[in-house]
Colleague: 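So that we are looking at the same thing, I have put the structure below in structure tokens.
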Amino acid sequence: MMYSSRRKPVLYFKEERRSEPSKVPHQEEMFLSGKCTIYKLFGLCMVLVLVSLLWLQLSCSGDMTHEERHAPPQQPPPCPADGQASADDPSWGPHKLALVVPFRERFEELLVFVPFMHTFLNRKKIRHKILIINQMDHYRFNRASLINVGYLESGNDTDYLAMHDVDLLPLNDALDYGFPEEGPFHVASPELHPLYHYKTYVGGILLLTKKHYHMCNGMSNRFWGWGREDDEFYRRLRKAELQLFRPSGITTGYKTFLHIHDPAWRKRDQKRIAAQKQEQFKVDPEGGLTNLRYQVESRQELTISGAPCTIINTKLECDQSLTPWCLLS
């Protein structure tokens, strides 16, 4: 490039010689031609600098594009697990909820329930852990006994529990899942539950402190099959002289909850056999936490759509001399 820059003044002199061969260039003309050469050299250097800078910028851009193209995709920040991400935030309060879910084979509902409730409780700043008590024995489903297992297996890091159906989702953020210090709090009250509206109903979703649950000796273990265990527990609450509280100021009525159970797809075990027809309406004065028999086969920590939960695979035991209806003949 420097060689070509020197050639241009030489061509200029040759042209001058062709037009006036006998004329000798004056010093002023030689000075002007030298001046043009300096300007051209300076301009050429500037062009080279600009080209170098452009090449460097394109190279760096290409490297960055290559790195971005091969970099792992950014993941959204995970949901706070069990409120641990806000352990130092006093606005979450000092209490922690054990969300106890009696369960058997309703996996399509579980896939909806766990992430929904984890998000709902985090939004309300409720410290919590979700415990799925999975009945894996060959006996009939026993919701009350599974809730008793959940209470005993919930750990010392929780101080209250929610007896929570897997097919019932709260739709109103005004519903209170906080610590029920004054007494049991029935979230799914009769005036809000989409199906059950009688005054003594305490099923669906019920919050209790662990102290209050222990005062009731838990729930009766005599209820194999679907239903009636909640009605017996209502009598235990009264016997323990615990005041029952329910939501107030909720204006969404029967649309407060979403009931995701499909009775056509999964039928409930409502059969009443042998003496069960009479026993289902009686109070169990001694049974509960004190005569619960079970084995924990395994524990599994799962994450469903970013929401953590613990599966407690449980085998219940049945004294068929006392409750022969734990098996269907």
Side-chain angles (χ1 to χ4, degrees), residues 93 95 97-103 106 108-128 130-133 141 143-144 146-147 150-151 160-210 212-213 216 219 223 226-238 240 242-266 268 270 307:
H95 303 289
L97 170 67
L99 192 71
V100 177
V101 183
F103 180 80
R106 295 162 71 168
E108 67 281 357
E109 295 173 4
L110 188 67
L111 294 176
V112 176
F113 177 85
V114 171
F116 182 95
M117 288 306 304
H118 183 65
T119 302
F120 180 86
L121 294 173
N122 275 346
R123 190 164 61 244
K124 295 180 67 63
K125 295 187 175 182
I126 301 293
R127 304 180 195 277
H128 66 277
I130 301 175
L131 304 176
I132 311 299
I133 317 301
F141 186 67
R143 178 178 180 270
L146 295 176
I147 293 175
Y151 165 82
Y160 72 114
L161 69 152
M163 304 154 51
H164 210 301
D165 287 350
V166 72
D167 57 7
L168 198 61
L169 306 179
L171 300 180
N172 192 327
D173 281 348
L175 291 170
D176 188 5
Y177 274 71
F179 185 73
E181 184 173 5
E182 298 181 1
F185 184 73
H186 188 209
V187 180
S189 59
E191 67 273 12
L192 302 177
H193 196 284
L195 296 179
Y196 308 115
H197 309 140
Y198 57 94
K199 293 182 179 180
T200 59
Y201 176 68
V202 291
I205 308 169
L206 181 66
L207 306 180
L208 301 95
T209 67
K210 285 189 170 181
H212 290 160
Y213 193 80
C216 298
M219 303 184 75
F223 292 88
W226 182 81
R228 298 298 182 184
E229 76 284 344
D230 295 325
D231 298 333
E232 202 273 346
F233 190 68
Y234 175 79
R235 299 179 183 181
R236 293 181 177 231
L237 295 175
R238 295 189 61 183
L242 293 173
Q243 183 179 355
L244 180 68
F245 294 88
R246 284 176 169 146
S248 61
I250 303 297
T251 60
T252 45
Y254 297 148
K255 295 182 179 180
T256 303
F257 300 94
L258 176 63
H259 192 243
I260 60 176
H261 178 76
D262 185 356
W265 170 252
R266 195 176 300 280
R268 301 189 189 278
Q270 297 178 326

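Please read all numbers here as calculations on a predicted model, not as lab measurements. Counting begins at 1 with the first residue of the sequence.
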Colleague: Run the side chain to side chain donor-acceptor pair (under 3.5 Å) test against Y151 and tell me which residues pass, sequence neighbours left out.
Modeller: none

Colleague: Would you indicate whether the side-chain heavy atoms of F113 and H164 approach each other to under 4.5 Å?
Modeller: yes

Colleague: Would you give the length of the straight line joining atom CG of L169 to atom CZ of F120, rounded to the nearest 0.5 angstrom?
Modeller: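 Output value for this atom pair is 10.0 Å.
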
Colleague: Taking the side chain as every heavy atom from C-beta outward, state whether D231 and Y198 have any pair of such atoms under 4.5 Å apart.
Modeller: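 They are in contact (side-chain heavy atoms under 4.5 Å apart), so the answer is yes.
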
Colleague: Sequence neighbours left out, what pairs pass salt bridge (charged side-chain N to carboxylate O under 4.0 Å, His left out) with at least one residue falling in residues 180-199?
Modeller: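 Sorted result for residues 180-199: empty, none.
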
Colleague: Taking all heavy atoms of T209 and all of P180, pick out the closest pair and write down the distance.
Modeller: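 Closest pair (atom of T209, atom of P180, distance): CG2-O, 3.4 Å.
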
Colleague: Kindly compute the distance separating CD (E109) from CD1 (I260), expressed to the nearest 0.5 Å.
Modeller: 5.0 Å

Colleague: Does V187 reach the side chain of P170, with side-chain heavy atoms less than 4.5 Å apart?
Modeller: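 No, side chains not in contact.
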
Colleague: Look only at the side chain of K124 and the backbone of D176, and say whether a donor-acceptor pair between them is shorter than 3.5 Å.
Modeller: no

Colleague: Looking only at non-hydrogen atoms, find the nearest pair between Q243 and P184 and report the distance.
Modeller: O-CD, 3.3 Å

Colleague: What are the two closest heavy atoms between R143 and G204, and how far apart are they?
Modeller: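 Distance-wise, the nearest heavy atoms are NH2-N, 4.0 Å.
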
Colleague: Test of understanding: with side chain to side chain donor-acceptor pair (under 3.5 Å), list the residues that count as partners of H197, not counting sequence neighbours.
Modeller: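 If we apply the side chain to side chain donor-acceptor pair (under 3.5 Å) test to H197, skipping adjacent residues, there are no hits.
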
Colleague: Which atom pair, heavy atoms only, marks the closest approach of V202 to D230?
Modeller: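 Heavy-atom minimum between the residues: CG2-O, 3.3 Å.
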
Colleague: To the nearest 0.5 Å, what is the distance between CD1 on I132 and CG on L146?
Modeller: 11.0 Å

Colleague: Quick one: list whatever passes side-chain contact (heavy atoms from CB on, under 4.5 Å) with N172, sequence neighbours left out.
Modeller: A174, L175, I250, T252, T256

Colleague: What's the separation between atom CG in L237 and atom OH in Y213, rounded to the nearest 0.5 Å?
Modeller: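 With rounding to 0.5 Å, CG (L237) is 10.5 Å from OH (Y213).
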
Colleague: Mind telling me whether F257 and H193 have parallel, tilted or perpendicular rings, with 30° and 60° as the class edges?
Modeller: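 Answer is tilted, since the angle falls between 30° and 60°.
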
Colleague: Looking only at heavy atoms, which two atoms of L97 and A162 are closest? And how far apart?
Modeller: CD1-N, 3.4 Å

Colleague: May I ask you to decide if G203's main-chain N or O and H186's side chain share a donor-acceptor pair within less than 3.5 Å?
Modeller: yes

Colleague: With sequence neighbours excluded, tell me which residues meet side-chain contact (heavy atoms from CB on, under 4.5 Å) with A144.
Modeller: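 side-chain contact (heavy atoms from CB on, under 4.5 Å) list for A144, sorted by chain: N142, M219, E229.
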
Colleague: Using every non-hydrogen atom in the two residues, find where L131 and A98 come nearest and quote the distance to one decimal.
Modeller: CD1-CB, 4.4 Å

Colleague: I'd like to check the ring-ring contact (aromatic ring centres under 6.0 Å, His included) partners of F245; sequence neighbours left out, ordered by chain and number.
Modeller: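 By the ring-ring contact (aromatic ring centres under 6.0 Å, His included) rule, F245 matches no residue at all.
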
Colleague: Return the CZ to CZ distance between F223 and F233, rounded to the nearest 0.5 Å.
Modeller: 12.0 Å

Colleague: For a 4.5 angstrom cut-off between non-hydrogen side-chain atoms, does I147 reach I133?
Modeller: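 No, too far: nothing below the 4.5 Å cut-off.
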
Colleague: Would you kindly say whether H118 and H128 are connected by a side-chain donor-acceptor distance under 3.5 Å?
Modeller: yes

Colleague: I'd like to know whether L206 forms a side chain to side chain contact (heavy atoms under 4.5 Å, CB included) with L244, so could you lay out the CA-CA distance, the side-chain angles of the two residues, the decisive distance to 0.1 Å, and finally the verdict.
Modeller: CA-CA 10 Å; L206 181 66; L244 180 68; 4.1 Å; yes

Colleague: Is the closest side-chain heavy-atom distance between P247 and F185 below 4.5 Å?
Modeller: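 Of all side-chain heavy-atom pairs linking F185 with P247, at least one is under 4.5 Å.
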
Colleague: When rounded to the nearest 0.5 angstrom, what distance separates OG1 in T200 from OH in Y234?
Modeller: 6.0 Å

